[in-house]
Amino acid sequence: MRSTIFVFFLLSLVFPHYMFHQPLIFVNGDMKLIQETCKNTKYYDLCVSSLKTNATSSKTDTKGLALIMIGVGMANATATSSYLSSQLLSSTTPNDPTMKKVLRECADKYGYAANALQDSVQDLATESYDYAYMHVMGASDYPNACRNAFRRYPGLAYPSELARREDGLKHICDVVLGMIDHLVSTF
């Protein structure tokens, strides 16, 4: 049994995209548009790396690139909400009602962030850039409410994994905001 697991592990390292049926795609298409669009954002490297791994980014315009980044943000917020929900069930929180309350509140906040990003998709579709901007700003701010929930209880430490995820969502939202600014300036 151990040898089978070891072989599977080695194969997954050598051929990760074959083992998990996830093709590894790097866009060679319109890298110029991606680079030009990402120059207008606060986190150029995050922007380029997120877009070049999405196959549809080579076949879209600036608004489409913004929509792809919003999708990245939605995935991040949803994954963080799920992570927090799983922490509620972990063996370290069952006897700590305060921690459970804060984790539940944080899971809700990240869910609201995903919803706000979804709303921005609809706003971009109707070229309501001011509303799209507002929704992305809201999504970016929900993690602050989570951090503040931890601050309300001095004995609770803000988990480093949650801080990392918070920074990730904020950076993604900053990229989207830069893209929306660029759309408004060329509108």
Side-chain angles (χ1 to χ4, degrees), residues 20 22 25 27 34 37-38 40-57 60-90 93 99-153 156 158-184:
F20 300 107
Q22 297 285 334
I25 299 171
V27 175
I34 291 172
T37 302
C38 291
N40 296 293
T41 69
K42 191 173 177 180
Y43 298 100
Y44 176 84
D45 291 337
L46 171 64
C47 180
V48 170
S49 66
S50 297
L51 293 173
K52 78 178 186 180
T53 58
N54 186 300
T56 61
S57 66
T60 192
D61 57 6
T62 303
K63 188 190 304 184
L65 295 177
L67 290 169
I68 292 167
M69 283 304 299
I70 290 170
V72 171
M74 289 170 57
N76 176 291
T78 301
T80 301
S81 181
S82 296
Y83 165 77
L84 289 163
S85 294
S86 74
Q87 294 302 298
L88 282 167
L89 304 172
S90 77
T93 59
M99 178 62 98
K100 284 180 109 169
K101 177 181 176 184
V102 172
L103 289 174
R104 191 171 298 113
E105 182 178 340
C106 287
D108 290 345
K109 299 301 181 198
Y110 278 90
Y112 299 151
N115 292 341
L117 289 169
Q118 179 61 50
D119 290 342
S120 73
V121 168
Q122 296 164 357
D123 297 329
L124 283 179
T126 60
E127 296 183 350
S128 300
Y129 298 126
D130 52 343
Y131 288 112
Y133 199 92
M134 179 187 69
H135 283 118
V136 175
M137 286 287 292
S140 178
D141 198 41
Y142 278 116
N144 291 330
C146 175
R147 183 181 285 270
N148 289 337
F150 274 90
R151 287 183 180 148
R152 284 194 301 265
Y153 301 97
L156 292 182
Y158 192 62
S160 59
E161 174 63 16
L162 192 50
R164 184 187 68 75
R165 289 170 179 262
E166 173 187 351
D167 287 343
L169 181 57
K170 287 181 175 183
H171 291 178
I172 293 164
C173 288
D174 282 341
V175 168
V176 175
L177 292 172
M179 292 175 150
I180 294 171
D181 281 339
H182 181 65
L183 283 167
V184 169

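Keep in mind it's a predicted model, so treat the numbers as computed, not measured. Sequential numbering from 1 along the given sequence is applied to the chain's residues.
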*Ion pair E105/K100, N-O distance below 4.0 Å*: no

_One thing to verify: whether E166 and K170 come together as a salt bridge, which I'm taking to mean a side-chain N less than 4.0 angstrom from a carboxylate O._
yes

Any side-chain to backbone donor/acceptor pair from [X] onto [Y]? Under 3.5 Å, distance only.
X	Y	answer
T53	S49	yes
S81	Y110	no
S50	L46	yes
H182	G178	no
S140	V136	no

*Any S120 side-chain heavy atom under 4.5 Å of M134 side chain*: no

*Is the cationic atom of R165 (NZ for Lys, CZ for Arg) positioned less than 6.0 Å from the six-membered ring centroid of Y83 and within 45 degrees of its normal?*
yes

Heavy-atom pair with the smallest gap, counting every atom of [X] and [Y]:
X	Y	value
L162	C146	CD2-SG, 3.6 Å
A66	L124	CB-CD1, 4.1 Å
C47	T41	CB-OG1, 3.9 Å
A116	H135	O-CB, 3.3 Å
L117	A139	CG-CB, 3.6 Å

How about [X]: does its [atom1] atom have over 12 heavy atoms from other parts shown lying under 6.0 Å from it?
X	atom1	answer
K101	NZ	no
M137	CE	no
Y129	OH	yes

So, taking the atom named [atom1] in [X] and the one named [atom2] in [Y], what distance separates them when rounded to the nearest 0.5 Å?
X	Y	atom1	atom2	value
C38	M69	SG	CE	7.5 Å
I70	L65	CD1	CG	11.0 Å
L183	T37	CG	OG1	8.0 Å
N76	L169	CG	CG	5.0 Å
R104	M99	CZ	CE	12.5 Å
L88	L103	CG	CG	5.0 Å

*Name the orientation class of the two ring planes belonging to Y158 and F150 (parallel below 30°, tilted from 30 to 60°, perpendicular beyond 60°).*
perpendicular

*Can a donor-acceptor pair be found between the side chains of K109 and N144 at a distance below 3.5 Å?*
no

_For a side-chain contact (heavy atoms from CB on, under 4.5 Å) check, start with the C-alpha distance between Y133 and D181, then their side-chain angles and the critical distance, and finish with the verdict._
CA-CA 8 Å; Y133 199 92; D181 281 339; 3.3 Å; yes

